[in-house]
Colleague: 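Have a look at this one before I ask anything.
Computation of the quantities below employed the complete heavy-atom set of this structure, encompassing side-chain atoms and omitting hydrogens, waters and symmetry-equivalent molecules.
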Amino acid sequence: MGAIFVSYRRGDSEGQARALSIALREHIGKDSVFMDVDSIALGRDFRQVLQERLGSCDLMLALIGPNWLDIKDAAGNRRLEGPTDIVRQEIAAALKRNIPVTPVLVQGTQMPAPEHLPEDIRDLAFRNGFELSHTRWESDVRELVQRLGLQAEGRQEPPLVVTAPVSLANSKDVMPGQGASRQRLWIPGLALLIFLMAGFIWLKYSGTTPNSQLPAITTTTRADKPLTVNGETPTGAQPPATSDGIVVDGELTWTKTDNGKDIDWNGANQYCNDLTLDGLSRWRLPNIDELAKLYDPKGSSDFKIRKPFRLTEKWVWSSTKQSSGSAFQFYFHLGHGYENPLRTSHLIRVMCVRGSGE
């Protein structure tokens, strides 16, 4: 099986590129798929590695999202117009070698018109493309694999592991593979609905307002102001010393922001275990469902996380493991969980959580 080069633009389709790379590796093997984040060893000159891979790959998948064409640099110029733009160089090199270059359209993006492309990659507009739909992700990936003839010789087709089996209570999106889970869970879901309705009726006629039972999110904003939930200081919580770094959300206390630098899964666990913040210790790595509850699909920025939480990157580690060598990260842009190797660290952050009463 020949090598596949996955080309994408950061700030446009990095989430889809990572998920697609993981799925392809499941089909044809890890060494047959190149994606810069996971495939360039530490200390290597990325320019040299890219040149080597572009010279030896057998086909390219060029992911094109809504910002791919028009995303601008710090000076306000279209990145694609710059002769040193990495994405432009990658595609130009592949087209020059005349290997198959498949535009992979994501997030409903249309194929760019030839007149909107620089001359050295204008032929991309005439290459037959493929659309990857968010709502049909798994079946679309399978079709892409079949149409490209990517099944490795003598290799049995494994199930795709593309997204985490998480529950996105705040999202209207349908996650890949979610349909089967819904069929299995409709009976307990109906029982839960009946239980909640009965609880609401009891609260209403017992003179207790339901909203009074819900703790408000309260952040610490001043060094002399104790952390409070509904006017009471949680057991074990200490007034912050010099920071407003924690958020109480129901029964959980969170770090208000992430750690601010790249970190792998083992490092993320150690970071939380060693953390002491505003007098609080005993922090841990959150599971994928806990992270999903922080997702806000209506967020105005790329970092779609509920206020007052803040992120410096869109990927956050969870404690939920898929195997001995992989765990799920939550992607706070699309609201998905993705499985990745534990050693992966590029552009990944960690948030820590603890029980509010601990």
Side-chain angles (χ1 to χ4, degrees), residues 1-25 28-75 77-107 109-132 141 144-145 147-150 314-315 344 346-347:
M1 181 66 233
I4 302 170
F5 191 106
V6 178
S7 173
Y8 69 100
R9 187 178 293 286
R10 294 181 186 178
D12 174 62
S13 57
E14 64 267 38
Q16 292 88 349
R18 186 187 291 270
L20 179 59
S21 296
I22 292 169
L24 292 175
R25 287 168 182 157
I28 62 176
K30 178 180 177 181
D31 296 334
S32 295
V33 181
F34 176 85
M35 179 181 172
D36 59 355
V37 170
D38 300 321
S39 305
I40 300 180
L42 294 177
R44 290 292 308 275
D45 187 327
F46 73 89
R47 298 168 299 180
Q48 181 181 352
V49 175
L50 288 176
Q51 185 176 6
E52 292 172 355
R53 295 297 185 127
L54 286 166
S56 61
C57 66
D58 294 311
L59 64 91
M60 172 181 284
L61 300 178
L63 271 72
I64 301 176
N67 300 317
W68 184 89
L69 186 65
D70 297 320
I71 194 168
K72 295 178 172 58
D73 58 23
N77 301 313
R78 274 205 319 162
R79 288 185 186 177
L80 199 62
E81 295 295 343
T84 59
D85 179 56
I86 294 295
V87 174
R88 175 178 172 178
Q89 289 182 349
E90 291 172 352
I91 295 174
L95 290 173
K96 187 174 182 180
R97 288 185 55 215
N98 199 30
I99 62 173
V101 179
T102 301
V104 179
L105 307 175
V106 297
Q107 300 185 58
T109 305
Q110 301 295 314
M111 182 73 75
E115 59 269 21
H116 294 156
L117 298 174
E119 185 175 354
D120 55 352
I121 64 170
R122 195 158 292 166
D123 285 348
L124 180 67
F126 302 99
R127 296 294 179 108
N128 193 22
F130 187 87
E131 181 182 2
L132 275 179
V141 171
L144 177 64
V145 168
R147 290 181 62 178
L148 292 174
L150 297 182
K314 304 167 191 174
W315 296 91
T344 307
H346 187 66
L347 300 178

Colleague: Would you say Ser21's side chain and Ala17's backbone share a donor-acceptor pair under 3.5 angstrom?
Modeller: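 Such a contact is found between Ser21 side chain and Ala17 backbone.
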
Colleague: So Ile64 and Val106, side-chain contact (heavy atoms from CB on, under 4.5 Å) or not? Walk me through it.
Modeller: CA-CA 6 Å; Ile64 301 176; Val106 297; over 6 Å; no

Colleague: Rounded to the nearest 0.5 Å, how far does CG of Leu59 lie from CZ of Arg97?
Modeller: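 Nearest 0.5 Å value for the CZ-CG distance: 10.0 Å.
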
Colleague: Stepwise, does the side-chain contact (heavy atoms from CB on, under 4.5 Å) test hold for Asn128 with Arg147?
Modeller: CA-CA 12 Å; Asn128 193 22; Arg147 290 181 62 178; 3.9 Å; yes

Colleague: Return the CD1 to CD1 distance between Ile99 and Ile4, rounded to the nearest 0.5 Å.
Modeller: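 Reported value, rounded in 0.5 Å steps: 10.5 Å.
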
Colleague: Distance check, rounded to the nearest 0.5 Å: Leu63 atom CG versus Gln107 atom CD?
Modeller: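 It is 10.0 Å, given to the nearest 0.5 Å.
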
Colleague: Please determine whether side-chain contact (heavy atoms from CB on, under 4.5 Å) holds for the pair Leu80 and Ile71, giving the CA-CA distance in whole Å, both sets of side-chain angles, and the decisive distance to 0.1 Å.
Modeller: CA-CA 8 Å; Leu80 199 62; Ile71 194 168; over 6 Å; no

Colleague: With no hydrogens and no angle check, is any side-chain donor or acceptor of Asp12 less than 3.5 Å from a backbone partner on Trp68?
Modeller: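 Such a contact is found between Asp12 side chain and Trp68 backbone.
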
Colleague: Is the shortest heavy-atom distance from the side chain of Cys57 to the side chain of Phe34 under 4.5 Å?
Modeller: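 When only atoms from C-beta onward are counted, Phe34 and Cys57 do not touch, as no gap falls below 4.5 Å.
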
Colleague: Taking the side chain as C-beta and beyond, is there a heavy-atom pair between Leu61 and Leu20 under 4.5 Å?
Modeller: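 In contact.
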
Colleague: Is the backbone of Thr102 close enough, under 3.5 Å, to the side chain of Arg127 for a donor and an acceptor to pair up by distance?
Modeller: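 No.
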
Colleague: Checking Trp315 now: which residues fulfil ring pair (Phe, Tyr, Trp, His ring centres under 6.0 Å) with it, not counting sequence neighbours?
Modeller: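 With sequence neighbours excluded, Trp315 shows a ring pair (Phe, Tyr, Trp, His ring centres under 6.0 Å) to Tyr331, Tyr338, given in chain and number order.
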
Colleague: Can Thr109 and Asn67 be said to form a side-chain contact (heavy atoms from CB on, under 4.5 Å), step by step?
Modeller: CA-CA 9 Å; Thr109 305; Asn67 300 317; over 6 Å; no

Colleague: To the nearest 0.5 Å, what is the distance between CG (Asp58) and CZ (Phe5)?
Modeller: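 Here the rounded value is 13.0 Å.
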
Colleague: Can you tell me how far apart OG (Ser7) and CE (Met35) are? Round to the nearest 0.5 Å.
Modeller: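 Reported to 0.5 Å precision, the distance equals 10.5 Å.
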
Colleague: Quick check on Glu115: does its CD atom have over 12 non-hydrogen neighbours (other residues, nucleotides or ligands) under 6.0 Å away?
Modeller: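 Atom CD in Glu115 is crowded, with more than 12 foreign heavy atoms closer than 6.0 Å.
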
Colleague: So, taking the atom named CD1 in Ile86 and the one named CZ in Arg10, what distance separates them when rounded to the nearest 0.5 Å?
Modeller: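 It is 9.5 Å, given to the nearest 0.5 Å.
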
Colleague: According to side-chain hydrogen bond (donor to acceptor under 3.5 Å, both in side chains), does anything in residues 77-88 pair up with another residue at least two apart or in another chain? List the pairs.
Modeller: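 The answer is Arg9-Asp85, Arg78-Glu81, Arg88-Asp120.
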
Colleague: If you compare all heavy atoms of Ala113 against all heavy atoms of Ala125, which two are closest, and at what distance to 0.1 Å?
Modeller: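 Heavy-atom minimum between the residues: C-CB, 4.3 Å.
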
Colleague: Give a yes or no on whether Lys72 atom NZ has more than 12 heavy-atom contacts from other residues, nucleotides or ligands under 6.0 Å away.
Modeller: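 Atom NZ in Lys72 is crowded, with more than 12 foreign heavy atoms closer than 6.0 Å.
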
Colleague: Sequence neighbours left out, what passes side-chain hydrogen bond (donor to acceptor under 3.5 Å, both in side chains) with Gln89? Give chain and number order.
Modeller: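 Applying side-chain hydrogen bond (donor to acceptor under 3.5 Å, both in side chains) to Gln89 gives none.
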
Colleague: Find out whether Arg18 and Thr344 are in side-chain contact, i.e. whether some heavy atom of one side chain is under 4.5 Å from a heavy atom of the other.
Modeller: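 Yes, side chains in contact.
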
Colleague: Check the pair Lys314 / Glu14 against salt bridge (Lys or Arg N to Asp or Glu O under 4.0 Å), numbers first and verdict last.
Modeller: CA-CA 10 Å; Lys314 304 167 191 174; Glu14 64 267 38; 3.1 Å; yes

Colleague: Would a 4.5 Å heavy-atom cut-off, applied to side chains only, mark Met111 and Pro103 as touching?
Modeller: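 They are in side-chain contact.
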
Colleague: Determine the minimum heavy-atom distance between Pro112 and Leu69, stating which atoms define it.
Modeller: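 Distance-wise, the nearest heavy atoms are CB-CD1, 4.3 Å.
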
Colleague: Return the minimal non-hydrogen interatomic distance between Leu54 and Glu90, and the atom names on each side.
Modeller: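 Nearest pair, atom of Leu54 first, then Glu90: CD2-O, 3.7 Å.
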
